[in-house]
Amino acid sequence: MVGTTEAMNQNVHANGLIQNFNGSLLEEKLDDVRHLMGKVDGDPLRIVGVGAGAWGSVFTALLQDSYGHLRDKVLIRIWRRPGRTVDRATAEHLFEVINSREDLLRRLIRRCAYLKYVEARLGDRTLYADEILKDGFCLNMIDTPLCPLKVVTNLQEAVWDADIVINGLPSTETHEVFEEIRRYWKERITLPVIVSLAKGVEAELGPEPRIITPTQMINRATGIPIENILYLGGPNIASEIYNKEYANARICGAEKWRKPLAKFLRQPHFIVWDNGDLVTHEVMGGLKNVYAIGAGMVAALTNESATSKSVYFAHCTSEMIFITHLLAEEPEKLAGPLLADTYVTLLKGRNAWYGQQLAKGGLSLEMGDSIKGKGMIQGVSAVKAFYELLSQSSLSVLHPEENKHVAPVELCPILKMLYKILITREFALQAILEALRDETMYDPKDRIEIAQTHVLYRPSLLGQDSSLDKS
């Protein structure tokens, strides 16, 4: 961080940087975590963010803003891959953002960092994503400057002695990166704690079908016990959280870690609850991304018709309720968190934006699901995972009208159509509207009634470690 401890305790930063509202309370919360981790005086708690997308960068910046001034007790840094260049158009926009904010100008001039942005604006210099992140600019979120961050581009250097690792990677990259991390942890005596922010999922079809979540990927890749791996998620938009919009989230996992970490992470505008059901909440975070893409398509294809969007919402929520009854023993407990997360994603999430851009022609499927300025669109891989999983005949359920057993996906026409549009590309995007207008489609309440009146729960879908404790 820039400036002294005294400066950090004053309101010297604008645009959502956290004031130290109560220095003694912050230090007390930090000391509680340090004690739990077995830290002694002179040995700082080392927190490392792995992955520098929008949410990963904001999460690390929130910690830096709150605790970064306590340098003798905590060190906070973030890893991102080196070599990603900032294109000319982004450099020009970044320069506009900098010049629109007096506090940014002063900060960069004080750090002798302003000139490089001038040169990049003129096309005389190439900027790199890790370079601008050190100054507080996330490549996926240029319009929301963060505090300066300690950025490390060597993964071994970043994680080898980390006490707490924040997984900000997309689910599609989590296993590969943490397999590499495992090599650097072979000689460790103490176990790190890992908090995953990722909301994607993958399907594993053999020996029996099940969902694999990022926390399970980390467990498999590193051998770190699942008790030391947690998930944090909620109905959150990264830029709004950094700008102090009121938000809440849940940290899920073993009680030993989730309760003190919930207290550690809680801030006046960012309330963190805790829950023992790890994998189910994680899966729900991935499920809403599936239907958010379709919502964006419907919004764009119908010129933001409120009626059409409400029809889609009725069908997609009924499918999500049906799917949660397959995945959870007590699905009613998930209704509030799932709908809240779905709602905010439909309003402003990147997956809904992606669906809109596809329908408007601003993007094409050929461009892939890693989009400049937005990062990974995790809903695409989630569509594939949920479709493949729910297509398995071993999970068959009784069809309400045909009186025969069918794969669960046959009762999820929106999911089926999204798969045929996004994955196999059998249909054009307009087919999502045809699916909604299909006269043979069930009333959404019928699908909910099937879920509520039949025993659909399949424990094997989430594996035996789906709930660490229910307390």
Side-chain angles (χ1 to χ4, degrees), residues 1-50 55-78 103 107 134 136 144-151 161-168 192-195 197 230 232-234 236 238-253 255-274:
M1 284 296 289
V2 179
T4 64
T5 299
E6 181 182 359
M8 282 298 300
N9 286 319
Q10 300 173 1
N11 185 20
V12 295
H13 294 305
N15 190 40
L17 299 191
I18 309 303
Q19 300 175 40
N20 290 317
F21 61 95
N22 187 327
S24 60
L25 177 59
L26 284 171
E27 194 159 0
E28 179 184 321
K29 293 197 296 183
L30 176 57
D31 286 341
D32 287 345
V33 175
R34 284 175 50 82
H35 177 73
L36 194 60
M37 301 290 300
K39 307 301 286 188
V40 298
D41 290 347
D43 182 16
L45 181 73
R46 292 170 172 83
I47 302 175
V48 178
V50 174
W55 187 209
S57 296
V58 162
F59 197 85
T60 304
L62 289 174
L63 293 173
Q64 178 66 35
D65 280 328
S66 292
Y67 298 104
H69 64 291
L70 300 168
R71 295 183 184 88
D72 58 331
K73 293 190 174 185
V74 63
L75 297 176
I76 300 164
R77 57 197 176 202
I78 187 168
D103 62 313
R107 190 175 83 188
K134 293 175 183 178
T144 305
L146 310 174
C147 63
L149 295 171
K150 169 65 176 176
V151 180
D161 60 350
D163 299 301
I164 299 175
V165 174
I166 310 299
N167 175 36
V193 172
I194 302 166
V195 179
L197 309 178
L230 302 99
L232 185 140
N236 306 315
S239 60
E240 293 186 354
I241 292 177
Y242 200 72
N243 286 327
K244 287 187 177 178
E245 298 292 338
Y246 179 80
N248 57 64
R250 282 177 179 80
I251 187 165
C252 305
E255 184 172 359
K256 175 184 177 182
W257 296 113
R258 74 173 193 263
K259 288 189 176 295
L261 285 175
K263 179 182 176 183
F264 178 68
L265 297 170
R266 189 175 297 128
Q267 298 179 6
H269 69 286
F270 185 56
I271 305 304
V272 181
W273 298 312
D274 70 275

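Note that the numbering runs from 1 along the sequence shown for the chain. Values below: every heavy atom of this structure, side chains too, minus hydrogens, waters and symmetry copies.
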Could you tell me the separation between the [atom1] atom of [X] and the [atom2] atom of [Y], rounded to the nearest 0.5 Å?
X: Asp31; Y: Leu70; atom1: CG; atom2: CG; result: 8.5 Å
X: Lys244; Y: Phe270; atom1: NZ; atom2: CZ; result: 14.5 Å
X: Leu197; Y: Trp55; atom1: CG; atom2: CH2; result: 6.5 Å
X: Leu230; Y: Ile194; atom1: CG; atom2: CD1; result: 9.5 Å
X: Leu265; Y: Leu63; atom1: CG; atom2: CG; result: 6.0 Å
X: Leu232; Y: Asn167; atom1: CG; atom2: CG; result: 11.5 Å

Considering all heavy atoms, the nearest [X]-[Y] contact:
X: Ala249; Y: Asn236; value: CB-ND2, 3.7 Å
X: Ile78; Y: Gly56; value: CD1-O, 4.0 Å
X: Ala162; Y: Val48; value: CB-CG2, 3.7 Å
X: Arg266; Y: Val272; value: NH2-O, 2.7 Å
X: Leu75; Y: Pro44; value: CD1-CG, 3.8 Å

(request) Determine, stepwise, if the pair Tyr246 / Ile271 fulfils side chain to side chain contact (heavy atoms under 4.5 Å, CB included). (result) CA-CA 8 Å; Tyr246 179 80; Ile271 305 304; 3.3 Å; yes
(request) Using side-chain contact (heavy atoms from CB on, under 4.5 Å) as the criterion, point out the one residue from Ile251, Val195, Ile164, Leu36 that pairs with Trp257. (result) Leu36
Between [X] (side chain) and [Y] (backbone), is there a donor-acceptor pair under 3.5 Å?
X: Asn243; Y: Ser239; value: yes
X: Arg258; Y: Cys252; value: no
X: Arg34; Y: Val40; value: yes
X: Lys263; Y: Lys29; value: no
X: His269; Y: Ala247; value: no

(request) Could you tell me whether Lys150 atom NZ has more than 12 heavy atoms of other residues or ligands within 6.0 Å of it? (result) no
(request) May I ask you to check whether over 12 heavy atoms, not counting those of Asp72, lie within 6.0 Å of atom CG? (result) yes
(message) Evaluate Phe264 against Asp32 for side chain to side chain contact (heavy atoms under 4.5 Å, CB included), listing each step before the verdict.
(response) CA-CA 8 Å; Phe264 178 68; Asp32 287 345; over 6 Å; no
(message) Working note: Ile76 + Leu45, criterion side chain to side chain contact (heavy atoms under 4.5 Å, CB included); need CA distance, chi angles, decisive distance, verdict.
(response) CA-CA 8 Å; Ile76 300 164; Leu45 181 73; over 6 Å; no
(request) Please test Arg77 against Val151 for side chain to side chain contact (heavy atoms under 4.5 Å, CB included), starting from the C-alpha separation and ending with a verdict. (result) CA-CA 6 Å; Arg77 57 197 176 202; Val151 180; over 6 Å; no
